[in-house]
Amino acid sequence: MASPTPYDALLLVSFGGPEKPADVVPFLRNVTAGKNIPDARLEEVGEHYYGFGGRSPINDQNRAFVEALRADLAADGVDVPVYWGNRNWDPYLADTLAQMRDDGVQRAAALVTSAYSSYSGCRQYRENLAAAVAEVPGAPRIDKLRHYYNHPGFLEPMVDATLAALAELPEAARRAGHLAFVTHSIPVSMDDSSGPDGNAYTAQHRLVMEQVVARVRQETGHRYPAELVFCSRSGPPHVPWLEPDVNDHLRDLHAREVPGAVVVPIGFVSDHMEVIYDLDTEARATAEEIGLPFARAATAGVDPRFVAMARDLLLERAAVEADQPTDQPVERAAVGSPASWDVCPVGCCPNPRGARPALSGQD
Ligand SMILES: CC1=C(CCC(=O)O)c2cc3nc(cc4[nH]c(cc5[nH]c(cc1n2)c(C)c5CCC(=O)O)c(CCC(=O)O)c4C)C(CCC(=O)O)=C3C
Ligand SMILES: [Fe+2]
């Protein structure tokens with residue numbers, strides 16, 4: 001049986017979100033510390049949270065994932081505890097690392113709830129992990145697991161979700177509709193510097209989009225027109241961010257007499273606020289306003305294939321890090337493009353505000 005050695009724990013690392021109205025402003029302060037987010041945008045985002053009782057869905061999604069992962073590991077006989085810590089809200093990374101240390105954990109593999117390369121989606125987590133390790137004397141060693149945007153455990157649930165959403169569209173739109181693949185907008189400069197050679201953020205999303213379109217074609221015999229579009233733009237208006245916005249795109253489809261759209265949130269591993277607000281609330285309202293048939297594909301969430309992916313990545317990396325490697329090459333599940341690196345290359349996804357310590361990198 002595959003062994004998790006040298007890892008004695010798995011750490012789920014996420015963004016965190018508020019759980020009650022009184023959490024919203026302190027949470028937003030944590031997220032935006034040192035960043036140039038206009039006050040108007042913060043008030044707007046605060047309203048998104050208040051509209052859902054001040055509670056983000058993200059923490060409950062992570063609790064469910066941790067439970068499902070514990071069950072998956074137990075069923076497979078992989079005896080490692082699962083911990084969970086966030087960048088921006090309780091349970092904070094440093095508290096979780098202190099707990100892990102107290103439990104005797106020496107070395108843990110970290111799965112981040114962000115599948116792609118970018119400063120916000122990768123290095124910022126690595127910096128926060130480094131800061132938490134520095135804050136906790138005797139903290140375990142943490143190895144961030146590789147990007148998994150092209151892992152079948154992430155892609156296959158997306159294919160099924162896209163097919164299910166297509167089935168929700170009215171008959172006429174089911175065949176001639178378009179697929180709008182949605183991810184979080186980031187500054188154009190952040191995309192330009194993402195990954196070792198730049199533009200990894202958009203390139204990885206396009207690979208995912210192509211894979212899903214190809215798999216949907218296998219299942220339906222039809223190659224759906226598809227576009228990569230963006231949600232949740234923030235920052236000052238004069239700074240360019242990735243476009244088009246999903247709402248503008250829906251209007252554009254309507255103007256071109258496309259009879260319906262399936263929105264596939266490929267940038268999000270579970271139903272985050274961006275999904276339930278930006279897509280289910282705002283984009284759906286746009287579609288209703290213009291009379292465009294609309295369906296939103298489910299996120300991976302606790303799909304058993306996505307949960308099993310976490311086990312697979314842990315065991316894959318354990319085989320790489322093992323003291324006595326076998327002569328068999330380590331198998332790395334990946335579809336359409338090679339598996340991503342284990343350790344981030346030098347200069348990958350730089351911090352626009354200047355270098356600081358980050359874990360799991362060659363620099
Ligand atoms: C690429 C990316 C991901 C995906 C990767 C990943 O998952 O990490 C992501 C995830 C998330 N972003 C989240 C929330 C927020 N992001 C903000 C701000 C920003 N995000 C950015 C990028 C990303 N963000 C950027 C470039 C900014 C501008 C400021 C900065 O340079 O950092 C702000 C401030 C207000 C605003 O500007 O909108 C909030 C409240 C939540 C929690 C949602 C919930 O509660 O369910 C999640 C999962
Ligand atoms: Fe964000």
Side-chain angles (χ1 to χ4, degrees), residues 12-67 84-96 112-116 118-121 124-125 128 182-187 190 229-237 239 241-242 245-248 250 263-289 294 296-302:
L12 181 70
V13 179
S14 194
F15 196 94
E19 308 229 68
K20 55 183 187 297
D23 294 349
V24 172
V25 169
F27 163 75
L28 290 176
R29 282 205 194 100
N30 286 348
V31 176
T32 59
K35 283 168 210 153
N36 193 12
I37 311 266
D39 287 349
R41 170 67 190 171
L42 283 187
E43 281 159 30
E44 186 190 320
V45 174
E47 288 308 321
H48 300 174
Y49 285 101
Y50 294 129
F52 289 89
R55 189 176 183 89
S56 163
I58 194 171
N59 299 334
D60 290 331
Q61 294 282 337
N62 284 323
R63 289 182 184 103
F65 188 82
V66 166
E67 280 316 306
W84 166 44
N86 297 314
R87 286 177 40 207
N88 299 303
W89 202 250
D90 193 50
Y92 288 101
L93 283 172
D95 297 335
T96 302
V112 173
T113 58
S114 162
Y116 303 87
S118 73
Y119 172 68
S120 291
Q124 199 169 9
Y125 286 92
N128 292 148
V182 187
T183 191
H184 204 301
S185 187
I186 57 174
M190 192 185 282
V229 303
F230 302 90
C231 67
S232 319
R233 185 212 201 279
S234 65
V239 177
W241 282 52
L242 296 175
D245 176 78
V246 58
N247 297 282
D248 295 336
L250 295 176
V263 161
V264 191
I266 59 172
F268 304 94
V269 301
S270 71
D271 289 357
H272 298 166
M273 198 59 172
E274 292 91 339
V275 175
I276 68 167
Y277 182 80
D278 297 61
L279 302 182
D280 290 350
T281 308
E282 199 177 42
R284 181 177 291 278
T286 298
E288 272 165 18
E289 181 196 319
F294 172 100
R296 195 269 288 176
T299 52
V302 292

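Quick caveat: nothing in here was measured; it's all calculated off a predicted structure. Hydrogens, waters and symmetry mates are skipped; everything else that's a heavy atom, side chains included, is used.
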To the nearest 0.5 angstrom, please state how far the CD atom of Gln61 sits from the OG1 atom of Thr113. 10.5 Å

How far apart are the closest heavy atoms of Ser56 and Gly17, and which atoms are they? CB-CA, 4.0 Å

Dump the intermediate steps for side-chain contact (heavy atoms from CB on, under 4.5 Å) on Val13 and Leu93, then the final yes or no. CA-CA 8 Å; Val13 179; Leu93 283 172; 4.0 Å; yes

Can you check side-chain contact (heavy atoms from CB on, under 4.5 Å) on Glu282 and Tyr277, steps first, answer last? CA-CA 6 Å; Glu282 199 177 42; Tyr277 182 80; 4.1 Å; yes

Value for CH2 (Trp241) from CD1 (Ile186), rounded to nearest 0.5 Å, stands at 8.0 Å

Under the side chain to side chain donor-acceptor pair (under 3.5 Å) test, which residues partner Lys20, sequence neighbours left out? Asp23

Atom CZ in Arg233, atom CG in Leu242: separation rounded to 0.5 Å? 10.0 Å

Please round to the nearest 0.5 Å and tell me the distance separating atom OG of Ser120 and atom OH of Tyr125. 8.5 Å

Residues that Asp271 engages under salt bridge (Lys or Arg N to Asp or Glu O under 4.0 Å), provided they are two or more places apart: Arg296

Please report the C-alpha distance between Asp245 and Asn247 in whole Å, then the side-chain angles of each, then the deciding distance to 0.1 Å, and finally whether the side-chain hydrogen bond (donor to acceptor under 3.5 Å, both in side chains) criterion is met. CA-CA 6 Å; Asp245 176 78; Asn247 297 282; 3.0 Å; yes

Check against side-chain contact (heavy atoms from CB on, under 4.5 Å), Trp84 and Arg63: CA-CA 8 Å; Trp84 166 44; Arg63 289 182 184 103; 3.7 Å; yes

Atom CZ of Arg29 with >12 non-hydrogen neighbours under 6.0 angstrom: no

Do Phe15 and Asn62 make a side-chain contact, defined as non-hydrogen atoms from C-beta onward lying under 4.5 Å apart? no

I need the minimum non-hydrogen distance between Phe65 and Gly301, along with the two atoms involved. CD1-O, 3.6 Å

Closest approach of Pro265 and Leu279, non-hydrogen atoms and distance? CB-CD1, 3.7 Å

Kindly determine whether Val182 and Val264 satisfy side-chain contact (heavy atoms from CB on, under 4.5 Å), including the steps that lead there. CA-CA 6 Å; Val182 187; Val264 191; over 6 Å; no

What's the spacing between Phe268 CZ and Ile58 CD1 if we round to 0.5 Å? 9.5 Å

Is there side-chain contact between Asp60 and Arg55, with at least one heavy-atom pair below 4.5 Å? yes

Euclidean distance, Arg41 CZ relative to Ser234 OG, rounded to 0.5 Å: 5.0 Å

Determine whether Phe27 and Tyr49 satisfy the following criterion, ring-ring contact (aromatic ring centres under 6.0 Å, His included), listing intermediate values before the conclusion. CA-CA 11 Å; Phe27 163 75; Tyr49 285 101; 5.6 Å; yes

